[in-house]
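Read through the structure below, which is laid out as structure tokens, and then see the notes.
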Amino acid sequence: MLIQTFPETATPAGLRGQVLALQQQVWPGGSGLPAVRPTHDPALRPVSMILTDDGIVVAALDILTKDITHAGEHYVASGLSTVVTSRVERRKGFGRRLVAAARSAVQVSGADLGIFTCDRLLQTFYESTGWRVLDGSVLVGGTSGSPFPSDQFDKIVMASFFSARARRNESAFTHSRIKLYPGTIDKLW
């Protein structure tokens, strides 16, 4: 097993095609983009992490990063997006291994915090890799003119606080609306 990390636009076409095929398993009729085009807004500095077994992609995810302001403080925030494991490889720990590696990658990247939404049913999975639920919190995606809040879905907000300042201010993130505003391509991560 090998975890490889690439800027999304530098992911080799063969691996990228396999990742898009896995995404189609989970989200049929998804983006439909060709394997060589990026899925995410380049302004979010997308990085793809791919777990392969003998050249075959078994799990993949993307890490998106942007600057945010919350409760009057500026932070560099990163989040997970498009987390997927091959149907035939599920329940073998591959997704967990990749998500834990992504959390570590975000931590060493210099991000103040990692934050993202997930389906409520996945809470235990993400908690097993070191992420925590932000009770009562809502990520507000989209744009300031066209907000896309996570509370319109059955989603929860997961987070990890890495910098000393983010850890000190962690309570400001619970029971709050966090203005992520990643844009119109990646409405929410």
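Heavy atoms only: backbone and side chains are in, while hydrogens, waters and symmetry mates are out. For clarity, every value in this text was computed on a predicted model and none was experimentally measured.
Grouping the Ile, Leu, Val, Met, Phe, Trp and Tyr side chains by contacts below 4.5 angstrom, directly or via other members, places M49 with L51. L122 and V99 fall within the same hydrophobic cluster, where Ile, Leu, Val, Met, Phe, Trp and Tyr residues are linked whenever their side-chain heavy atoms come under 4.5 Å apart, directly or through other members. Under the 4.5 Å side-chain heavy-atom criterion for Ile, Leu, Val, Met, Phe, Trp and Tyr, V157 and I68 are members of the same hydrophobic cluster. Transitive grouping of hydrophobic side chains (ILVMFWY, heavy atoms separated by less than 4.5 Å) keeps V76 and M158 in distinct clusters. Linking ILVMFWY residues whenever their side-chain heavy atoms come closer than 4.5 Å, directly or via other members, leaves L98 and W27 in distinct clusters.
Here D154 pairs with R120 under the salt bridge (Lys or Arg N to Asp or Glu O under 4.0 Å) rule; sequence neighbours left out. Qualifying salt bridge (Lys or Arg N to Asp or Glu O under 4.0 Å) partners for E127, counting only residues two or more places apart in sequence or in other chains: none. For the salt bridge (Lys or Arg N to Asp or Glu O under 4.0 Å) test, residues two or more places apart in sequence or in another chain that qualify with K92 are E89.
Counting heavy atoms from C-beta outward, L188 and S150 have side chains that approach closer than 4.5 Å. S176 places a side-chain heavy atom less than 4.5 Å from the side chain of H70.
Between the side chain of Q123 and the backbone N or O of V133 there is no donor-acceptor pair closer than 3.5 Å. No side-chain donor-acceptor contact under 3.5 Å links D53 to the backbone of M1. Not one N or O on the side chain of T11 forms a donor-acceptor pair closer than 3.5 Å with the backbone of R16. Side chain of S81 to main chain of I63: no donor-acceptor pair is present (N/O by atom type, distance under 3.5 Å, no hydrogens or angles). Counting only distance, with no hydrogens or angles, the side chain of Q18 and the backbone of V57 share a donor-acceptor pair below 3.5 Å. Of the possible polar contacts, none joining the D119 side chain to the L121 backbone as a donor-acceptor pair under 3.5 Å is found. Put simply, the side chain of R165 gets close to the backbone of H74: a donor and an acceptor are under 3.5 Å apart. For S146 (side chain) and G142 (main-chain N/O), no donor-acceptor pair under 3.5 Å exists by modelled atom type.
In D54, the CG atom is not crowded: 12 or fewer heavy atoms of neighbouring residues, nucleotides or ligands sit closer than 6.0 Å. Within 6.0 Å of NZ on K179 lie no more than 12 heavy atoms contributed by other residues, nucleotides or ligands.
Atom CZ of F116 is separated from atom CG of L134 by 10.0 Å, given to the nearest 0.5 angstrom. Remark: E8 CD to T82 OG1 distance equals 8.0 Å, nearest 0.5 Å. Considering OH of Y181 and CG of D67, their distance stands at 16.0 Å, rounded to 0.5 Å. In this structure, D62 CG and W189 CH2 are separated by 11.5 Å, a value rounded to the nearest 0.5 Å.
Residue R177 forms a side-chain contact (heavy atoms from CB on, under 4.5 Å) with just one option from P149, S137, P147, and that option is P149. Here the rule is side-chain contact (heavy atoms from CB on, under 4.5 Å) with C118, and of L80, I156, V83 only I156 fits it. The only member of V58, I3, L15 that meets side-chain contact (heavy atoms from CB on, under 4.5 Å) when paired with T52 is L15.
The minimum heavy-atom distance linking A60 with V19 is given by the pair CB-CG2, 3.8 Å. In terms of heavy atoms, L22 sits closest to V84 at O-CG2, 3.6 Å. K66 and L180 get closest at one heavy-atom pair: NZ-O, 2.7 Å. Contact between V26 and R87 at its shortest, heavy atoms only, is N-NH2, 4.3 Å. Closest approach of D112 and S163 over heavy atoms only: OD1-OG, 2.9 Å. Of all heavy-atom pairs between S160 and W131, the closest is OG-CE3, 3.4 Å.
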* **Worked check of side chain to side chain contact (heavy atoms under 4.5 Å, CB included) between T65 and S109** => CA-CA 10 Å; T65 302; S109 74; 5.8 Å; no

* For side chain to side chain contact (heavy atoms under 4.5 Å, CB included), just list the numbers for R45 and L64, CA-CA rounded to whole Å, side-chain angles, deciding distance to a tenth of an Å, and then say yes or no. => CA-CA 6 Å; R45 307 184 295 268; L64 308 177; over 6 Å; no

* Give the intermediate values and the outcome of side chain to side chain contact (heavy atoms under 4.5 Å, CB included) for residues T129 and R103. => CA-CA 8 Å; T129 63; R103 184 183 177 283; 5.5 Å; no

* To do: Go through the steps for H40 and I185 under the test side chain to side chain contact (heavy atoms under 4.5 Å, CB included), then give the verdict.
  => CA-CA 7 Å; H40 302 289; I185 296 171; 5.6 Å; no

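Between F162 and Y75, the ring centre distance reaches or exceeds 6.0 Å.
Donor-acceptor pairing under 3.5 Å is lacking for the side chains of R97 and T85.
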